[in-house]
Amino acid sequence: KSCTEKSLSNCRGGGEGIYLDERTSQRVVENNTVINASKGIFLHWTTNNEIRHNTLYGNKNSQIWFSGKDQPRYRLQNNLLLDNILYATEANQRTFTLAVTYNDLNFGYSDRNYFFNSYNNRNIYLLPISYLALDEWQVKSGFDKQSKDISSLRDSNPDFSETQIVINPSMEQKDINFHHKSYCDVS
């Protein structure tokens, strides 16, 4: 079963954009866009799911949040996180949160993702341990070897206060006027 090509924006009441709850298994979540939710995508005690090709933008707590406990039925196992855009728009937003009560960082596998926070490159959160930059996460976890931190775009000192996301679900040609402002295509 899958959740495919949905666009969720301005979620109210602190809810998650996409929530795979206790023991959800064998689901594919792909080609979705989640904007302004509490957590863009939340995996809670899940196994064998694929999260791929999603754009998660400006979600309050974290763009993606994985939660697991140190008991066999509550561990995160064999979840894939591939080819996603994790775009934080505020200083306190995280790109990725891993909240587990066991000692290893194993939840499955993660790679080829784009991480962005224009305020802070240490935006990957291991609850309750620490905040990490992508390169620190790569060393500590062994994951995301081909992922990229595109936060370096902030080094050119652009004004991110007017950041906008443009979505073209039709995949047909679309003309967009940026009024001489710079842009970044992360597709």
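Since the structure is predicted, the reported quantities are computational estimates derived from the model, not experimental observations.
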Do [X] and [Y] touch side chain to side chain, with heavy atoms closer than 4.5 Å?
{"X": "V34", "Y": "N54", "value": "no"}
{"X": "F115", "Y": "S147", "value": "yes"}
{"X": "R94", "Y": "Q63", "value": "no"}
{"X": "Q77", "Y": "N48", "value": "no"}
{"X": "I64", "Y": "L81", "value": "yes"}
{"X": "N36", "Y": "T89", "value": "no"}
{"X": "T97", "Y": "N61", "value": "no"}

What are the two closest heavy atoms between [X] and [Y], and how far apart are they?
{"X": "G15", "Y": "A37", "result": "O-CB, 3.5 Å"}
{"X": "I150", "Y": "F116", "result": "O-CD1, 3.3 Å"}
{"X": "K140", "Y": "L105", "result": "CG-CD1, 3.7 Å"}
{"X": "A88", "Y": "N117", "result": "CB-ND2, 3.6 Å"}
{"X": "Y102", "Y": "L76", "result": "OH-N, 3.3 Å"}
{"X": "A99", "Y": "W65", "result": "CB-NE1, 3.7 Å"}

Exercise: do [X] and [Y] side chains pair donor with acceptor under 3.5 Å:
{"X": "N123", "Y": "T95", "result": "yes"}
{"X": "H44", "Y": "D21", "result": "yes"}
{"X": "N59", "Y": "S62", "result": "no"}
{"X": "D70", "Y": "T101", "result": "no"}

**Study point:** Distance flag, aromatic centroids of F96 and W137, threshold under 6.0 Å
**Key:**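 Between F96 and W137, which both carry aromatic rings, the centre distance is below 6.0 Å.
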Review point. Taking the six-membered ring where the residue is Trp, are the ring centres of F143 and F107 under 6.0 Å apart?
Key: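 Between F143 and F107, the centre distance is under 6.0 Å.
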**Study point:** Neighbour count above 12 (heavy atom, 6.0 Å) for N103 CG
**Key:**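 It does not: N103 CG has 12 such atoms or fewer within range.
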Has [X] got a side-chain atom pairing as donor or acceptor with [Y]'s backbone, closer than 3.5 angstrom?
{"X": "S25", "Y": "T47", "answer": "yes"}
{"X": "N78", "Y": "G108", "answer": "no"}
{"X": "D111", "Y": "K145", "answer": "yes"}

Interatomic spacing from [atom1] in [X] to [atom2] in [Y] - rounded to 0.5 Å:
{"X": "F42", "Y": "K39", "atom1": "CZ", "atom2": "NZ", "answer": "5.0 Å"}
{"X": "R27", "Y": "E50", "atom1": "CZ", "atom2": "CD", "answer": "12.5 Å"}
{"X": "N120", "Y": "N92", "atom1": "CG", "atom2": "CG", "answer": "10.0 Å"}
{"X": "N49", "Y": "Q26", "atom1": "CG", "atom2": "CD", "answer": "8.5 Å"}
{"X": "Y109", "Y": "S141", "atom1": "OH", "atom2": "OG", "answer": "10.0 Å"}

Test of understanding: clusters of I, L, V, M, F, W, Y form through side-chain heavy atoms closer than 4.5 Å, transitively. Do [X] and [Y] belong to the same one?
{"X": "Y131", "Y": "L98", "result": "no"}
{"X": "L134", "Y": "L132", "result": "yes"}
{"X": "L126", "Y": "F66", "result": "yes"}
{"X": "V100", "Y": "L80", "result": "yes"}

**Study point:** Ring geometry between W45 and Y74 (parallel below 30°, tilted from 30 to 60°, perpendicular above 60°)
**Key:**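 Tilted: the ring planes of Y74 and W45 meet at 30° to 60°.
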Review point. What's the verdict on side chain to side chain contact (heavy atoms under 4.5 Å, CB included) for L56 and I85, showing C-alpha distance, side-chain angles and the deciding distance?
Key: CA-CA 6 Å; L56 306 161; I85 299 169; over 6 Å; no
Point to revise | Presence of salt bridge, D104 and R75, under 4.0 angstrom | key: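 Yes, charged N to carboxylate O under 4.0 Å.
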Exercise for review: List the steps, then state whether salt bridge (charged side-chain N to carboxylate O under 4.0 Å, His left out) holds for R112 with D83.
Suggested key: CA-CA 5 Å; R112 300 187 313 268; D83 303 302; 2.9 Å; yes
Point to revise | Counterpart residues, salt bridge (Lys or Arg N to Asp or Glu O under 4.0 Å), relative to R122 (two or more places apart) | key: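 E136.
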Point to revise | Counterpart residues, salt bridge (Lys or Arg N to Asp or Glu O under 4.0 Å), relative to D144 (two or more places apart) | key: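 Listed in chain order: nothing, the list is empty.
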Point to revise | Sole candidate of N32, N113, T55 that passes side chain to side chain contact (heavy atoms under 4.5 Å, CB included) when paired with N84 | key: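 In the set N32, N113, T55, the residue that makes a side chain to side chain contact (heavy atoms under 4.5 Å, CB included) with N84 is N113.
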**Study point:** Worked check of side chain to side chain contact (heavy atoms under 4.5 Å, CB included) between I41 and L43
**Key:** CA-CA 7 Å; I41 297 177; L43 277 72; 3.5 Å; yes
